[in-house]
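The structure appears right after this line, and notes come after that.
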There are 2 protein chains.
Amino acid sequence: MKKSQNICDNKSCFLCKNSLKEWLPAIAAHKTNFKVKKGEVIFKEGDPVTGIYFVNSGKVKVYKKWDKDKELIVRFAKEGSLFGHRGLGKGGNYPISASALEPTVVCYVDIAFFEASLKVNPDFTYELLMFLTEELKQSERKMRNLAHMPVKGRVAEALISLQNQFGTTADGFINIDLSRQDLASYAGATYETVFRMMNELVSEKLISLSGKSIRLVNRDELLKLAQDVVFL
Amino acid sequence: MKKSQNICDNKSCFLCKNSLKEWLPAIAAHKTNFKVKKGEVIFKEGDPVTGIYFVNSGKVKVYKKWDKDKELIVRFAKEGSLFGHRGLGKGGNYPISASALEPTVVCYVDIAFFEASLKVNPDFTYELLMFLTEELKQSERKMRNLAHMPVKGRVAEALISLQNQFGTTADGFINIDLSRQDLASYAGATYETVFRMMNELVSEKLISLSGKSIRLVNRDELLKLAQDVVFL
DNA sequence: CGGGACGTTGATAACTTTCAACCGGGGTGG
DNA sequence: CCACCCCGGTTGAAAGTTATCAACGTCCCG
């Protein structure tokens, strides 16, 4: 990672956004910005935890490895998002890895300062609590889907979730450039299987493709595929 | 649920344990204890969130339903544990269900009071943050396992995790009485498949059975089956 | 005694991964 | 500039895993 200064503006970072005005100078003094190249690993499972990261610009994938050439993407982080917070608490080692999906600038604060921030900014602590709660909900929903939902539904869910998080370009395609491999790792299946499911979704006219770009054509049907089947 | 009074003692509940002394009277005034019968549902997915629960005595399973007769057990809560906190944050409805595995006494506080407690007890908020972080780590580990680990490994992991949480009886059996169905729901597989895997584990002398009770015979080998395969 | 819930077992079907091969494009070195 | 190679995408066939279905047994409780 290459160090660079004065790129982070306070508005785009979770910490800055939720901290007291009086605390902002301290943040400014403590944070460090890094440029990260596409594909570069920011930290990986087992690394000792030294700090917490925020995405200033770009996109980051957070994932767990399995087996050298298999992984599960747990979450994506985009501009403004916090990541690396799984390093908090017991353990002292990151339980996950993070790498950049595109040229990215991350903002870094060391763990001691981060914990000091928690103590000083109750609102920040509260917001973080809410953030973790949402992550936990999503995580458990995904757990259940991995256990019970067939791959096709998981692909549908993955696509919807990507569009929700990253939005669409002017011509309606999901605004993220993701390899099929990464899409598969996000859906929790092999890339061949995901590929076949994508084909089915195309011929069923639920999505359409243009090169690697994906457009959701029939969002309602996709939702139906990915939907909670909750009753009683 | 049948209401009953004065059963909860302060030591066994997450909220009481982590709150300021001055706050304990307020808790005492606000909490309500309920007796819950074995198998009784405490709340279920979609129910409006009214409060947070603590286990006073007994055991509770927290799960997500799928499909009327399929579910995934996300977590167990035992004496002292908090549950229902997934109802925090946006949404206003529980994203999960909870029911008692045995006769249980739960302690309930309404959500407004709980949030007031957060504001008043920074240490409590911090502890809750740490708690959620650990849950998130576990949850993501389990996600990855569901995606990539074969059933046998997941069963091994489930058994180890049960023993870690509930300990063993004097004669070395895991100290929880769980139906095969529930074990399967925890491992994320059908009960037939789990049953076969248990048979394999028995004939490989990694576990032994006595009726429904399970004893881990070769914990190291089980761990190897369930282990992180992290490298690079 | 009957019924129901849970446990056990085997056979079969469905789904998903794995393996292997091919293709096309972009970049690199000659 | 071209040949080559490597990577990512695409496709088909086979193998492996897991779920489903069906049947039977047992125990407990009404």
Side-chain angles (χ1 to χ4, degrees), chain A residues 37-39 61 66-73 99 101-102 143-158 176-203 207-214 225 229, chain B residues 37-41 61 66-73 99-102 144-158 176-203 207-214 225 229:
Chain A
K37 286 197 288 282
K38 176 173 177 169
K61 69 170 177 180
W66 178 262
D67 214 42
K68 185 152 81 13
D69 51 342
K70 259 188 279 189
E71 63 187 36
L72 179 72
I73 295 179
S99 70
L101 289 172
E102 48 185 70
M143 260 174 63
R144 187 210 48 193
N145 291 351
L146 284 166
H148 292 306
M149 187 185 272
V151 172
K152 193 166 173 180
R154 300 211 300 270
V155 171
E157 167 116 354
I176 186 175
D177 180 30
L178 205 59
S179 75
R180 293 300 154 102
Q181 181 57 264
D182 277 341
L183 180 58
S185 298
Y186 189 44
T190 59
Y191 67 105
E192 291 100 323
T193 304
V194 168
F195 178 79
R196 296 178 225 273
M197 296 304 153
M198 297 275 284
N199 280 347
E200 289 188 23
L201 292 177
V202 168
S203 54
I207 65 175
S208 69
L209 302 178
S210 162
K212 275 173 59 180
S213 303
I214 304 168
L225 267 178
V229 190
Chain B
K37 286 198 288 280
K38 176 173 177 168
E40 194 178 345
V41 173
K61 70 170 177 179
W66 177 262
D67 214 40
K68 184 153 89 352
D69 51 342
K70 258 188 280 188
E71 62 187 37
L72 179 73
I73 295 179
S99 71
L101 288 172
E102 49 185 69
R144 188 210 47 194
N145 291 351
L146 283 167
H148 292 306
M149 187 185 271
V151 172
K152 192 167 175 181
R154 300 211 300 270
V155 171
E157 167 116 355
I176 186 175
D177 180 30
L178 205 58
S179 75
R180 293 301 155 103
Q181 181 57 264
D182 278 341
L183 179 58
S185 297
Y186 189 43
T190 61
Y191 68 103
E192 292 100 322
T193 303
V194 168
F195 177 79
R196 296 178 226 274
M197 296 304 153
M198 298 275 286
N199 280 348
E200 290 188 23
L201 292 177
V202 168
S203 53
I207 66 174
S208 69
L209 301 178
S210 161
K212 274 174 58 180
S213 304
I214 304 168
L225 267 179
V229 191

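Residue numbering restarts at 1 for every chain, and letters A, B, ... go by the order of the sequence lines.
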For atom OH of Tyr191(B) and atom P of dT18(D), their distance in whole Å | 18 Å
Hey, are the side chains of Asp177(A) and Glu102(A) touching, using non-hydrogen atoms and a 4.5 Å cut-off?
-> no
Computed from five pairs at either end and rounded to 10 degrees, the angle between the axes of the helix from dC1(C)-dG30(D) to dG30(C)-dC1(D) is 30°
Contact under 4.0 Å: Thr193(A) side-chain N or O vs dT16(C) OP1/OP2 | no
Would you indicate what Lys70(A) reaches in the nucleic acid, counting non-hydrogen atoms under 4.0 angstrom: base, sugar-phosphate, or nothing?
-> sugar-phosphate
So, is Arg196(B) close to the dT17(D) phosphate, meaning a side-chain N or O under 4.0 Å from OP1 or OP2?
-> no
Over how many whole Å does the gap from Phe195(A) atom CZ to dT18(C) atom C1' extend?
-> 17 Å
Is there a donor-acceptor pair closer than 3.5 Å between any side-chain N or O of Ser179(A) and the backbone N or O of Asp182(A)?
-> yes
Could you give the CG-to-P distance, from Asn199(A) to dG9(D), as a whole number of Å?
-> 13 Å
On a heavy-atom basis, the closest approach of Glu71(A) and Lys61(A) is OE2-NZ, 2.8 Å
In Å and rounded to the nearest 0.5 Å, what is the CD1 to CG distance from Ile207(B) to Leu201(B)?
-> 4.5 Å
Pick the nucleotide of DNA chain D nearest each of Gly188(B) and Leu178(A); which residue has the one closer to the 5' end?
-> Leu178(A)
May I have the distance from Asp177(B) (atom CG) to dC27(D) (atom C1'), rounded to whole angstrom?
-> 14 Å
Looking only at heavy atoms, what is the nearest atom pair of Ala187(A) and Leu146(A), with distance?
-> O-CD2, 3.9 Å
Closest non-hydrogen atoms of Leu72(B) and Gly188(B), given as atom of the first, atom of the second and distance, are CD1-CA, 3.7 Å
State which of dT16(C), dG9(D), dC21(D) makes the closest approach to the side chain of Glu192(B).
-> dC21(D)
Name the residue closer to the 5' end of DNA chain D, choosing between Arg180(A) and Ala147(A) according to the nucleotide with the nearest heavy atom.
-> Arg180(A)
Is any side-chain N or O of Gln181(A) under 3.5 Å from a base N or O of dC7(D), one able to act as donor and the other as acceptor?
-> no
How long is the line joining NE2 of His148(A) and C1' of dT16(C), in whole Å?
-> 17 Å
Mind calculating the distance between NZ (Lys38(B)) and P (dA5(C)) to the nearest angstrom?
-> 14 Å
Side-chain N or O of Thr190(B) closer than 4.0 Å to phosphate OP1/OP2 of dA19(D) = yes
Check the surroundings of atom NZ in Lys37(B): do more than 12 heavy atoms from other residues, nucleotides or ligands lie under 6.0 Å from it?
-> no
